[in-house]
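From a predicted model like this one, the values you see are computed outputs, not experimental measurements.
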Amino acid sequence: QVQLVESGGGSVQPGDSLRLSCAASGRTANRYHMGWFRQAPGKERDFVAAVSWTGGSPYYTNSVKGRFTISRDNAKNTVYLQMNSLKPEDTAVYYCAADNSYTQVVRTPEYWGQGTQVTVSS
């Protein structure tokens, strides 16, 4: 099993940047593929980005390509989501997720964090 705790959310203006962090704990936490999802008010939870357990194979939804970067530090059991050029439509609760299958981590991950709010507004 793995436990996930997100941090780094907040309220920013359009064009600003934020970095979300997700600390993973568990005996084999650094062997899980990791992802980020988001859920805007009144909408379904959507995939944002994923990275393999080695830190390779980053994959993004089209709407964040070129603006968001996913990375991980296995020594710290932490995955990051660097978000640049934020837009109001990026406003959502952001969730960290983990799965031992890369195919599943971008679809229906087994493990979830509690979420962190990101609000982009002028």
Side-chain angles (χ1 to χ4, degrees):
Q1 278 194 341
V2 62
Q3 294 77 44
L4 306 171
V5 179
E6 303 97 333
S7 61
S11 295
V12 297
Q13 295 187 339
D16 285 352
S17 298
L18 273 178
R19 189 177 79 158
L20 304 183
S21 299
C22 174
S25 60
R27 191 166 59 89
T28 58
N30 62 4
R31 301 300 291 268
Y32 280 82
H33 308 296
M34 303 292 291
W36 288 95
F37 286 70
R38 65 186 179 185
Q39 187 168 21
K43 296 187 177 181
E44 295 185 350
R45 191 177 302 187
D46 291 328
F47 169 78
V48 176
V51 67
S52 73
W53 75 270
T54 63
S57 304
Y59 179 61
Y60 302 92
T61 191
N62 286 340
S63 62
V64 307
K65 285 182 181 177
R67 300 189 299 124
F68 291 12
T69 302
I70 189 171
S71 62
R72 66 190 297 163
D73 184 339
N74 282 344
K76 297 181 179 180
N77 284 350
T78 301
V79 64
Y80 304 98
L81 185 67
Q82 177 66 44
M83 306 186 294
N84 299 330
S85 302
L86 282 161
K87 304 175 181 180
E89 51 264 43
D90 294 318
T91 295
V93 177
Y94 283 71
Y95 296 90
C96 179
D99 201 287
N100 58 15
S101 162
Y102 193 81
T103 299
Q104 287 302 110
V105 83
V106 302
R107 296 177 180 176
T108 53
E110 182 173 6
Y111 301 104
W112 295 90
Q114 83 288 351
T116 186
Q117 176 70 47
V118 172
T119 302
V120 185
S121 173
S122 56

- Message: For E89, is the CD atom crowded, meaning more than 12 foreign heavy atoms sit under 6.0 Å from it?
- Response: yes
- Do Y59 and F47 make the cut of ring centroids closer than 6.0 angstrom? yes
- Query: So is R45 actually on top of W112's ring, under 6.0 Å and inside 45° of the axis?
  - Reply: yes
- Query: Where do N84 and S17 come nearest, in terms of heavy atoms and distance?
  - Reply: OD1-OG, 2.9 Å
- Spacing of Y111 atom OH and Q3 atom CD [to the nearest 0.5 Å]: 8.5 Å
- Task: Determine whether L20 and T116 make a side-chain contact, defined as any pair of heavy atoms from C-beta on separated by less than 4.5 Å.
- Result: yes
- Spatial distance of atom CG (N77) from atom OG (S25) [nearest 0.5 Å]: 8.0 Å
- Shared hydrophobic cluster, W53 / M34 (ILVMFWY, side-chain heavy atoms < 4.5 Å): no
- Note on the structure: Taken to the nearest 0.5 Å, the spacing of C96 SG from Q114 CD works out to 9.0 Å
- Task: Please round to the nearest 0.5 Å and tell me the distance separating atom CE of M83 and atom CZ of R19.
- Result: 11.5 Å
- Report the distance from atom CZ of R67 to atom CG of D90, rounding to the nearest 0.5 Å. 4.0 Å
- Query: In this structure, are over 12 heavy atoms from other groups packed under 6.0 Å from Y102 atom OH?
  - Reply: yes
- So how far is it from T54 OG1 to R31 CZ, rounded to the nearest 0.5 Å? 10.0 Å
- Query: Got more than 12 heavy atoms from elsewhere within 6.0 Å of CD, E44?
  - Reply: no
- Item | Distance flag, aromatic centroids of Y95 and F37, threshold under 6.0 Å | no
- Task: Considering only NZ, NE, NH1 and NH2 on the basic side and carboxylate oxygens on the acidic side, decide whether D99 and R107 come within less than 4.0 Å.
- Result: no
- Task: Given side chain to side chain donor-acceptor pair (under 3.5 Å), test D73 with T78 step by step and report yes or no.
- Result: CA-CA 5 Å; D73 184 339; T78 301; over 6 Å; no
